[in-house]
Colleague: 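For reference, the structure I am asking about is given below.
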Amino acid sequence: MDTYRNFINGKWVESASTRTAANVNPANTDDVLGTVRQATRDEARAAVEAAANAFRGWRATPAPARGRIVAKAARLFEENKEELAQILTREEGKTISESRGELQRSINVAEFCAGEARRLTGETIPSELPLNFAYTIKQPIGVVACVTPWNFPVAIPVWKIAPALVAGNAVVFKPASITPATAVRITEIFEAAGIPPGVLNLVLGSGSEAGDEIINHPAVKAISFTGSNGVGIRLYEQASRRGAKVQCEMGGKNPVVVLEDADMDIAVESTAQGAFGSSGQRCTATSRAVVMEQVADEFVSRVAKRAESMRIGAGVDEQTEMGPSVDENQFKTVLSYIGIGREDGATLVCGGSRADGAGLDKGYFVRPTVFDHVTPDMRIAREEIFGPVLSVLRVRDFDHAIEVANDCEYGLSSSIFTNDAARIFRFVDEIETGMTHVNSPTTGGEAHVPFGGIKGTGIGDREQGSTALDFYTDLKVVYVDYTGRKREGNLY
Ligand code: NAP
Ligand code: MG
């Protein structure tokens with residue numbers, strides 16, 4: 001059994017902390033992967049200081065050379081893909097095919113970012129004055145903290161660390177406490193790829209202690225956070241008070257809108273995949289279905305049938321379609337929301353309890369759950385549950401559908417199911433989400449496409465794609481005068 005270590009200044013160091021936590025397989029709580037010691041504030045500070053010291057050398061390394069190291073990391077992720085996918089499934093619980101998908105996404109992101117190293121370009125801008133011009137350059141910021149959640153414990157760290165490194169920053173990586181094994185493997189891969197000592201540091205510790213120390217350290221110039229709204233907003237308040245740059249990707253309450261002409265096979269399967277895939281633990285998971293009254297009976301009965309047919313079990317089994325909730329906390333949260341839905345008067349159509357049966361008694365399995373006749377004021381229509389629970393809201397017409405879909409504090413992802421081009425484009429115009437899908441699930445995204453949300457979901461620059469490096473670089477504007485004469489008059 002492993003005792004996970006921190007990676008500080010190029011060395012794997014055992015924490016001096018006496019506070020430990022077991023890393024438990026959520027599909028079988030008898031299976032303990034390892035023990036983590038929760039890093040102390042001193043250790044978190046040492047990681048930031050190591051990064052601050054390493055920054056100058058890394059900043060001076062040409063961007064294409066930095067990119068070559070990230071490209072090597074991409075190849076190592078590829079070579080170790082299956083091993084990492086197995087650890088991910090054992091640690092987080094998602095199915096092995098979901099884990100392989102997450103690894104592939106991570107490889108794609110690393111490859112994309114490596115290529116961006118050769119495109120770290122600015123613009124040249126003509127001047128109003130003769131024999132003058134201006135240009136821009138993108139420069140690294142300094143020490144960047146990457147604070148990440150447990151639900152995509154490989155892909156999210158990679159989509160923060162890779163662009164941060166390519167841009168020339170030094171990184172302190174603070175993963176979620178409950179997914180240390182994947183965090184260690186990610187760091188080992190960057191180490192093996194040739195990242196110099198101090199340029200990437202890993203701190204395994206609690207958010208409230210190690211995390212707090214990192215985000216409040218004056219040497220940390222930028223913080224890229226993905227996680228819950230409660231934590232993200234507090235972090236944003238704290239860091240912005242000292243002028244640090246912050247990017248937060250937070251919760252979702254993602255709707256699908258099903259119009260009366262929708263292809264029901266596609267709408268039902270996409271909704272089920274979006275709602276129950278990864279046990280509902282994706283930030284882009286489908287948690288509301290906004291359905292036209294005329295087709296609601298058919299939609300609900302078919303989604304419920306699909307929910308009941310989901311093969312629930314340990315993710316290592318290739319046949320499993322849905323794994324467990326990540327831990328006891330999350331499991332209890334999901335069950336408590338199911339109770340709230342019932343008390344608030346929604347109609348429970350299927351699921352609604354822990355899943356039992358052969359092989360399920362030692363894991364945090366919840367049955368895929370569908371509530372019908374949910375109204376927009378109910379808590380299960382408004383709050384992120386992060387479990388396999390779908391709330392169906394019935395609507396009278398298209399305008400009503402848009403109104404209900406937008407009646408939500410979050411704005412991450414959405415989908416529409418229809419073949420009516422006019423209503424598709426009106427939906428695309430009016431839906432208040434950062435990403436939207438036409439006739440496909442709310443989940444999923446590609447490495448070279450920007451990712452993120454609006455409203456209560458997102459603060460700061462978008463991650464990935466053409467915007468991946470925006471957050472991790474400062475823009476410098478340079479004015480050049482080659483007249484050889486002193487300036488007469490002023491430019492405003
Ligand atoms: P979380 O509880 O907010 O934690 C996220 C990270 O912040 C963890 O590393 C956590 O450490 C750390 N943290 C907690 N308190 C902190 C503090 N006071 N100072 C500094 N760091 C602190 O989120 P989670 O439960 O891991 O993840 C689930 C959430 O992530 C959901 O809300 C989901 O929607 C969201 N998410 C959003 C996106 C997106 O792109 N929009 C993608 C994936 C997930 P500990 O683990 O030690 O608490
Ligand atoms: Mg948490």
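Indexing begins at 1, ligand by ligand and atom by atom, following the structure's order. Throughout, residue positions are numbered sequentially from 1 according to the sequence presented.
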Colleague: For a side-chain contact (heavy atoms from CB on, under 4.5 Å) check, start with the C-alpha distance between Val291 and Val395, then their side-chain angles and the critical distance, and finish with the verdict.
Modeller: CA-CA 6 Å; Val291 187; Val395 290; 5.9 Å; no
Colleague: Show the atoms of ligand 1 that are less than 4.0 angstrom away from any heavy atom in Ser206.
Modeller: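 What qualifies from ligand 1 is 47 (O).
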Colleague: May I ask you to list the atoms of ligand 1 that are less than 4.0 angstrom from any heavy atom of Val147?
Modeller: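 The list of qualifying atoms is 6 (C), 7 (O), 9 (O), 12 (C), 21 (N).
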Colleague: Kindly assign one of parallel, tilted or perpendicular to the pair Trp159 and Phe451, based on the angle between their ring planes and the thresholds 30° and 60°.
Modeller: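 Trp159 and Phe451: tilted rings.
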Colleague: Could you tell me which atoms of ligand 1, counted from 1 in the order shown, lie closer than 4.0 angstrom to a heavy atom of Met250?
Modeller: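 Selected atoms, number and element: 34 (O), 37 (C), 38 (C), 39 (C), 41 (N).
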Colleague: With heavy-atom distances below 4.0 Å as the criterion, list the atoms of ligand 1 near Pro175.
Modeller: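 By the 4.0 Å cutoff, the relevant atoms are 9 (O).
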Colleague: Considering only heavy atoms, which of Thr333, Val231, Ile215, Asn329 lies nearest to atom 15 (N) of ligand 1?
Modeller: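 Ranked by closest heavy atom to atom 15 (N) of ligand 1, first place is Val231.
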Colleague: Evaluate the ring planes of Phe190 and Phe77, with Trp represented by its six-membered ring, and classify them as parallel (under 30°), tilted (30 to 60°) or perpendicular (over 60°).
Modeller: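 Ring orientation, 0 to 90° scale: perpendicular.
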Colleague: For ligand 1, is Ile156 a contact, meaning one of its heavy atoms is under 4.0 Å away?
Modeller: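 Within the 4.0 Å threshold, so yes.
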Colleague: Are Arg234 and Glu237 ion-paired here, with the side-chain N under 4.0 Å from a carboxylate O?
Modeller: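 Salt bridge flag = no for Glu237 with Arg234.
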Colleague: Which ligand 1 atoms, with their elements, are less than 4.0 angstrom from a heavy-atom of Gly205?
Modeller: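 Counting atoms of ligand 1 from 1, those under 4.0 Å from Gly205 are 47 (O).
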Colleague: Heavy-atom distances under 4.0 Å decide this one: backbone, side chain, both or neither, for Ile178 against ligand 1?
Modeller: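 The answer is neither; Ile178 stays 4.0 Å or more away.
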Colleague: Taking only heavy atoms of Asn151, which atoms of ligand 1 are found under 4.0 Å from at least one of them?
Modeller: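 Counting atoms of ligand 1 from 1, those under 4.0 Å from Asn151 are 43 (C), 44 (C).
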Colleague: If you count the non-hydrogen atoms of other residues, nucleotides and ligands that lie under 6.0 Å from NZ in Lys455, is the total more than 12?
Modeller: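 Yes, NZ of Lys455 has more than 12 neighbouring heavy atoms, counting only those of other groups under 6.0 Å.
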Colleague: With a heavy-atom distance limit of 4.0 Å, tell me whether Thr226 approaches ligand 1 through its side chain, its backbone, both, or neither.
Modeller: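 Both the backbone and the side chain of Thr226 come within reach of ligand 1.
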Colleague: Which atoms of ligand 1 sit under 4.0 Å from any heavy atom of Ser177?
Modeller: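 Counting atoms of ligand 1 from 1, those under 4.0 Å from Ser177 are 45 (P), 46 (O), 47 (O).
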Colleague: Between the candidates Glu463, Glu384, Glu209, Gln238, which shows the shortest non-hydrogen contact distance to atom 34 (O) of ligand 1?
Modeller: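 Heavy atom nearest to atom 34 (O) of ligand 1 belongs to Glu384.
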Colleague: At less than 4.0 angstrom from any non-hydrogen atom of Phe386, what atoms of ligand 1 do you find?
Modeller: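 By the 4.0 Å cutoff, the relevant atoms are 28 (C), 31 (C), 33 (C), 34 (O).
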Colleague: So, Glu409 and Lys253, do they make that salt bridge, N to O below 4.0 Å?
Modeller: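 Lys253 and Glu409: not salt-bridged.
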Colleague: Please state whether Phe152 comes within less than 4.0 angstrom of ligand 1, counting heavy atoms only.
Modeller: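 Judged by the 4.0 Å heavy-atom criterion, Phe152 does not count as contacting ligand 1.
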Colleague: When you look at Asp327 and Tyr364, which way does the side chain to side chain donor-acceptor pair (under 3.5 Å) test go after all the steps?
Modeller: CA-CA 7 Å; Asp327 67 359; Tyr364 301 116; over 6 Å; no
Colleague: Is Lys245 close enough and on-axis enough to Phe471, meaning under 6.0 Å and within 45°, for cation-pi?
Modeller: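 Positive - Lys245 is close enough to the ring of Phe471 and near enough to its axis.
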Colleague: Check Lys138 with Asp474, please: is the shortest side-chain N to carboxylate O separation under 4.0 Å?
Modeller: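 Lys138 and Asp474: not salt-bridged.
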Colleague: Of the choices Thr148, Asn216, Val36, Ile223, which has the non-hydrogen atom that lies closest to atom 9 (O) of ligand 1?
Modeller: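 The option holding the nearest heavy atom is Thr148.
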